[in-house]
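Contents: one structure, followed by commentary.
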Amino acid sequence: MAVDAHWRLIPLSDFQCPAPPATTRLQRGWHTLQRVLGVTEEPEKGNTEDLPADAGFNREPAVLALDRFLQDWPGESQEVRFLLEPPFSAVADIARDWAAWRQWPRLEPPTTAQLLTADVSAWWQVQQVHGPWLIDDLTCYFLRTARGMTFLRRLLIQLAQGAFGPGLVVCNSWTYRFITAGFDPGLTAVYCFAPATPALLRELGIEATERQLLRLTATARGNAGVALALWKAQHNTSPSLPHVPACTDDNDAFVLYALLLHRGLSEAMLQQVLPMLAAEQLAACLLRLLASGLVAQHQAGWQISPVAYGEVREFLAGRDHCLDDF
């Protein structure tokens, strides 16, 4: 099967968010004013029954594109490469599919004891891996606490030195930005998928005009999973697009940032990451965010809602939080 040119891998330094059409920038300002005034308008309806969920699209073309990009690697190289995953983009799923196809083993994340003692050697010894490997989610290798960062820092140094041989590391884009902002081990082989184009969104099943698709790619910041979620939400028979309430405060921002940084957390883990919030404060905060549609509760814990991602990112930007590059 030929590789789909709609999916492309690029160096992180080449990534540029799609620019919205001029009319979209005007509409965005108008919608902001409408929210302030409490005015709502009925969105256009459409048939979205056949659209996949945000991460449920056919990943085979993306897997083929990843395989073509990595076809000459590792060879004799001991290089570790990093593949960044913007929230809801399904990059980790794509990498897992690719690694299974290549028959590369997935490394197990550290236990709580290994994480807290920063025992990278003990963690590696139990992997029993020979040859190239995959780390499919680097967020499992740290916790933003006083004791929860050392393991990851030591691991990154050893990965950069080639201590464990070649491998592919999938890293949440918010995690990568947080790590490199305060501790940069000089990672150079960092890649990502190019932003989604209107052609790619059509391939995923979205039927719309070119202008609508350009507007959608800009709103979703080139993220195919977010674009799917937004399109379905905007065209549901009972549309419900969340907005950050005016009363949202710093505590809410801390919770939202922690959920993005860790790719979702349980309430107990959130309490560890945000010890300045009393248990009842945290619980009340989560309930407020849930009621406003900014977060969703799953069996494993709490996550940002895909349709709220753009709103949450814009809100955190206004609070001077460390944003990702996507």
May I ask you to check whether [Y] and [X] place their ring centres under 6.0 Å from each other?
{"X": "Trp302", "Y": "His298", "answer": "no"}
{"X": "Trp7", "Y": "Phe57", "answer": "yes"}
{"X": "Phe69", "Y": "Tyr191", "answer": "yes"}

| task | Could you tell me whether the side chain of Leu316 reaches within less than 4.5 Å of the side chain of Leu260, counting heavy atoms only? | result |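 Yes, side chains in contact.
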| field | Side-chain touch Gln281/Met276, heavy atoms, less than 4.5 angstrom | value |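 No - every pair of side-chain heavy atoms lies 4.5 Å or more apart.
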Pairwise salt bridge (Lys or Arg N to Asp or Glu O under 4.0 Å) hits with a residue in [range], at least two apart:
{"range": "residues 259-274", "value": "Glu85-Arg263, Asp137-Arg263"}
{"range": "residues 104-113", "value": "Arg106-Asp136"}
{"range": "residues 274-288", "value": "Asp252-Arg288"}

| task | Start with the C-alpha distance between Phe254 and Cys285, add both sets of side-chain angles, then the distance that settles side-chain contact (heavy atoms from CB on, under 4.5 Å), and finish with yes or no. | result | CA-CA 10 Å; Phe254 292 144; Cys285 180; over 6 Å; no
Measure from the side-chain N and O atoms of [X] to the backbone N and O of [Y], and report whether any donor-acceptor pair falls under 3.5 Å.
{"X": "Gln125", "Y": "Ala122", "answer": "no"}
{"X": "His235", "Y": "Leu230", "answer": "no"}
{"X": "Glu311", "Y": "Leu241", "answer": "no"}
{"X": "Arg154", "Y": "Ala118", "answer": "yes"}

| request: Name all residues meeting the side chain to side chain contact (heavy atoms under 4.5 Å, CB included) criterion together with Ala181; count only those two or more places apart in sequence or in a different chain, and write none if there are none. | output: Arg177, Cys322
| note | Applying side chain to side chain contact (heavy atoms under 4.5 Å, CB included) to Arg153 and not counting sequence neighbours gives Met149, Phe183
For [X] versus [Y], what's the shortest heavy-atom pair and its separation?
{"X": "Ile206", "Y": "Ala227", "value": "CD1-O, 4.3 Å"}
{"X": "Leu261", "Y": "Thr139", "value": "O-CG2, 3.8 Å"}
{"X": "His321", "Y": "Ala253", "value": "NE2-CB, 3.7 Å"}

| task | For side-chain contact (heavy atoms from CB on, under 4.5 Å), just list the numbers for Val312 and Tyr257, CA-CA rounded to whole Å, side-chain angles, deciding distance to a tenth of an Å, and then say yes or no. | result | CA-CA 9 Å; Val312 169; Tyr257 180 73; over 6 Å; no
| field | Carboxylate-amine/guanidinium proximity below 4.0 Å for Glu79 and Arg81 | value | yes
| task | Take Asn223 and Phe326 through the side-chain contact (heavy atoms from CB on, under 4.5 Å) test and state the conclusion after the steps. | result | CA-CA 8 Å; Asn223 187 319; Phe326 297 86; over 6 Å; no
| field | For Glu210, side chain to side chain donor-acceptor pair (under 3.5 Å) partners two or more places apart | value | Arg202
| query | For Trp98 and Asp67, does a side-chain donor sit closer than 3.5 Å to a side-chain acceptor? | reply | yes
| task | Please report the C-alpha distance between Leu168 and Trp73 in whole Å, then the side-chain angles of each, then the deciding distance to 0.1 Å, and finally whether the side-chain contact (heavy atoms from CB on, under 4.5 Å) criterion is met. | result | CA-CA 10 Å; Leu168 181 66; Trp73 172 79; 4.2 Å; yes
